[in-house]
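This report refers to the structure that appears directly beneath it.
These figures come from a predicted structure and were not determined experimentally. In what follows, chains carry the letters A, B, and so on, assigned in the order in which the sequence lines appear, proteins first and then strands, with residues in each chain numbered from 1. Reckoned from all heavy atoms, side chains included, excluding hydrogens, waters and symmetry mates.
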Amino acid sequence: MRAPRSDAPDLMTVVTRFAPSPTGLLHVGGARTALFCWLYARRMGGKFILRVEDTDRERSTEEAVRVILEGMAWLGLDADEGPYYQTERFDRYGAVIAEMLKAGSAYHCYCTREELDALRAQQIARKEKPRYTGICRERTAPRPGVAPVVRFRNPQAGTTVVEDLVHGPVAFQNAELDDLIIARSDGTPTYNFCVVIDDMDMGVTHVIRGDDHLNNTPRQMNMLRALDATPPAYAHVPMILGPDGAKLSKRHGAVSVLQYEEEGYLPDALLNYLVRLGWSHGDQEVFTREEMIAAFDIHDVNKAASAFNPEKLLWLNQQHMVRSPPRALIPHLRAQLRRLGTDSDDEQLLEGVIVAQRERAKTLKEMADNSRFFFSDDIRMDPKAVAKHMTADGLAALAEVRARLAALKEWKASAINDALNALAAELQLGLGKIAQPVRVAVTGTAVSPPIDVTLALLGRERALARLDAVLARGAGSHT
RNA sequence: GCUCCCUUCGUCUAGAGGCCUAGGACAUAGCCCUCUCAAGGCUGUAACACGGGUUCGAAUCCCGUAGGGAGCGCCA
């Protein structure tokens, strides 16, 4: 019944845990809390536990559990233990409650919901803090016809100080804390109690969680002390606000982290963004996973809430795309291509496209969008680009380009570049006068990677075929 | 209402009494580079919430004020 940790205080290895309740999605706020827990455990060579807080059977769903697990997996936040489920530990909670009842640190309360509601209403009317006044604290006899709840007997005097790792010491008067319910009238244990028992049983040394739990902490510490256990270290990290500084909403980030996968973000980029929200390491902005682990310290986390900035996330995502080995991006690009109804298993082409496009796209989705013409011959011609560049002059240049390119011995970017430049010089035109019609002809748009690179990647056959198609059409329209 | 928390450029942050004429990054403006679009380089605009103290000296320490947030459930 003791916290394992207190048996071996000298073997104080760090144990953290992420404990989401499966009543909603894993959004960026939760993901950041999970990240901090994970990072701190990794940094300290400790253990990271995943625990699902599903005591509220009404609101918990299996779907939510799945989404949370998938989100954690996508982010690469691997747990050393778990997932544990609180619903599988009800026997244990029941045993502890029985013990506390016997020891007198908990008691039965026979007040009905109606009575409690009325009490609360009165207190609010009197502009008092709504709280349980301890009506049943000294009651010894049961009240017929009422199934009791169990309340924790909180100390009424003194002060409880939370030595918070991010906030510093925070003092609470015990008199401000009322006797919270630890078991409902149907016997099921409540959240604040389960957390305490789980953290104790699992040997959690560092509770890293959202700011919103700071007020719960003194009660949890008091329960731990009533159980003769030493409270863990606490770190309450601030919440994430929407870009407008208001509470995070669906519009801007209160969506599943898996949404970011769909939109073409790299997990490491999202993690990088999240870790820099409320934490910094000198002037460094871009971190690999390893660098984050090496540099992270929970003590350096800021106290203030911070606003989510999608633009910076975008920038970071590009930084990560540019810095990671191109081949590593292949599966990601292919996943996005499939969403567009194409695909390719030509690794050389894929890698070439990634290198050519990574500086021109903020996300992999955008990269795929901009790269369709590399993978599908069914290209859409942008009417504006056609109107602007497929002029009589443009078509004339195109015909000449076609001839020169067809004569090329070697189909590679440098040779193509030389040929185009030579032609431009001969015709006394800027390279743009030639490159743009070619670009429109082979890509359908006025925007693409450098024309030599684009043609080289496309390959001789496909490039010439596309030029021919446009020339045929162009000739037709002039007759 | 009560308790607790928070407050540096638009945003993320650096800053632990003199190094601050407040630094970096995103965004933004201009210039350079340039076959398009980007990327990149350079330059610029832009902040210590307010008021009192303490001190030779305060973004940094103390006290108030204002504004924001959280908690106060048989929710988690």
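- Among the nucleotides B:C5, B:C74, B:C35, the one closest to the side chain of A:Arg120 is B:C74.
- Closest approach to the A:His213 side chain among B:G1, B:C12, B:A76 is made by B:A76 (side chain taken as heavy atoms from C-beta onward).
- Nucleic acid contact class of A:Gly430 (heavy atoms, under 4.0 Å, all strands): none.
- Among the nucleotides B:A76, B:G71, B:A14, the one closest to any side-chain atom of A:Ser280 is B:A14.
- B:A59 and B:A16: their P atoms are spaced 13 Å apart (whole Å).
- At the heavy-atom level, A:Ser306 lies under 4.0 Å from the strands shown only through sugar-phosphate atoms.
- Minimum atom distance to the side chain of A:Lys312 is reached by B:C26, of the listed B:C4, B:C26, B:C5.
- At a threshold of 4.0 angstrom between heavy atoms, the contacts of A:Glu128 include nucleobase atoms, whether or not backbone atoms are also involved.
- Listed by chain and residue number, A:Glu53, A:Asp198, A:Asp199 satisfy the salt bridge (Lys or Arg N to Asp or Glu O under 4.0 Å) test with A:Arg51 (two or more places apart in sequence, or in another chain).
- At a cut-off of 3.5 Å, with distance as the only test, no side-chain donor of A:Asn154 or A:Asp179 sits close to an acceptor on the other residue.
- Both distances falling under 3.5 Å, in either a Watson-Crick or a G-U wobble arrangement, occur for no nucleotide opposite B:U60.
- Within 4.0 Å of A:Glu176, counting heavy atoms only, lie sugar-phosphate atoms of the nucleic acid but no base atom.
- The heavy-atom pair separating A:Arg17 from A:Cys37 by the smallest distance is O-SG, 3.3 Å.
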Output one line per pair: protein atom, nucleotide atom from nucleotides 58-61 of chain B, and distance, for all N/O pairs under 3.5 Å.
none

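- With no hydrogens or angles considered, a side-chain donor-acceptor pair links A:Arg209 and A:Thr217 at under 3.5 Å.
- Between A:Asn302 and the phosphate of B:A14, there is a side-chain N or O to OP1/OP2 separation shorter than 4.0 Å.
- As rounded to the nearest Å, B:C48 and B:U3 have P atoms that lie 31 Å from one another.
- Between the side chains of A:Asn174 and A:Thr159, no donor N or O sits under 3.5 Å from an acceptor N or O.
- In terms of heavy atoms, A:Gly24 sits closest to A:Ile68 at O-CD1, 4.2 Å.
- Within 3.5 Å, a donor on the side chain of A:Ser185 pairs with an acceptor on the base of B:C74, or the reverse.
- Within the nucleic acid shown, A:Pro449 comes within 4.0 Å of at least one base atom, counting heavy atoms only.
- A donor and an acceptor atom sit less than 3.5 Å apart, one in the side chain of A:Arg439 and one in the base of B:C35.
- Residue A:Gln436 places its side chain closer to B:U36 than to any other of B:U36, B:C26, B:G23.
- The shortest distance between the side-chain N/O atoms of A:Lys362 and the OP1/OP2 oxygens of B:A39 is below 4.0 Å.
- Within 4.0 Å (heavy atoms only), A:Ala446 reaches at least one base atom of the nucleic acid.
- B:C31: Watson-Crick or G-U partner is B:G41, with both key distances under 3.5 Å.
- Taking a pair to require two hydrogen-bonding distances under 3.5 Å in either a Watson-Crick or a G-U wobble arrangement, B:U21 remains unpaired.
- Minimum atom distance to the side chain of A:Met239 is reached by B:A70, of the listed B:U13, B:A76, B:A70.
- Place A:Arg360 and A:Leu277 on RNA chain B by their nearest nucleotides, and A:Leu277 ends up nearer the 5' end.
- Within the nucleic acid shown, A:Ala171 comes within 4.0 Å of sugar-phosphate atoms alone, with no base atom in reach, counting heavy atoms only.
- The base of B:G24 is paired with the side chain of A:Glu285 by a donor and an acceptor separated by under 3.5 Å.
- A cation-pi arrangement is not found for A:Arg276 relative to A:Phe287, the charged atom failing to lie both closer than 6.0 Å to the ring centre and inside a 45° cone about the ring normal.
- Of the candidate nucleotides B:U13, B:C37, B:C4, B:C37 has the atom lying nearest to any side-chain atom of A:Val447.
- Across B:C19 and B:A58, the matching P atoms stand 11 Å from one another, rounded to whole Å.
- Closest to the A:Tyr191 side chain, of the nucleotides B:A76, B:C6, B:C35, is B:A76.
- Looking at heavy-atom distances under 4.0 Å, A:Asp186 makes no contact with the nucleic acid at all.
- Contact annotation: A:Lys247 reaches the phosphate of B:A70 (side-chain N/O to OP1 or OP2, under 4.0 Å).
- A side-chain donor-acceptor contact under 3.5 Å links A:Thr87 and A:Asp54.
- Contact annotation for A:Tyr273: no contact, since no heavy-atom pair falls under 4.0 Å across all strands.
- Checking A:Arg439 against A:Ser448 by side-chain atom types alone, a donor-acceptor pair falls below 3.5 Å.
- Spacing of C1' atoms, B:U60 relative to B:U8, comes out at 11 Å, to the nearest Å.
- Within 4.0 Å of A:Thr188, counting heavy atoms only, lies no atom of the nucleic acid at all.
- Here A:Gln318 lies in heavy-atom contact (under 4.0 Å) with sugar-phosphate atoms only.
- Considering only side-chain atoms of A:Pro130, the nucleotide from B:C6, B:G73, B:G24 that sits closest is B:G73.
- If you check the side chains of A:Thr391 and A:Asp393, you find no donor sitting under 3.5 Å from an acceptor.
- In this structure, CG of A:Leu316 is placed 18 Å from P of B:U11, rounded to the nearest angstrom.
- By the 30° and 60° cut-offs, the orientation of the rings of A:His236 relative to A:Tyr234 is parallel.
- Among the atoms of the strands shown, only primed sugar atoms or phosphate atoms (P, OP1, OP2) are found under 4.0 Å from some heavy atom of A:Gln319.
- Considering only side-chain atoms of A:Lys129, the nucleotide from B:U3, B:C4, B:U7 that sits closest is B:U3.
- Of the two residues near RNA chain B, A:Leu313 and A:Val453, the one whose nearest nucleotide lies more 5' is A:Leu313.
- Among the heavy atoms of the strands lying under 4.0 Å from A:Asn192 is at least one base atom, whether or not backbone atoms are also near.
- Across all strands, A:Val149 comes closer than 4.0 Å to base atoms (heavy-atom distances).
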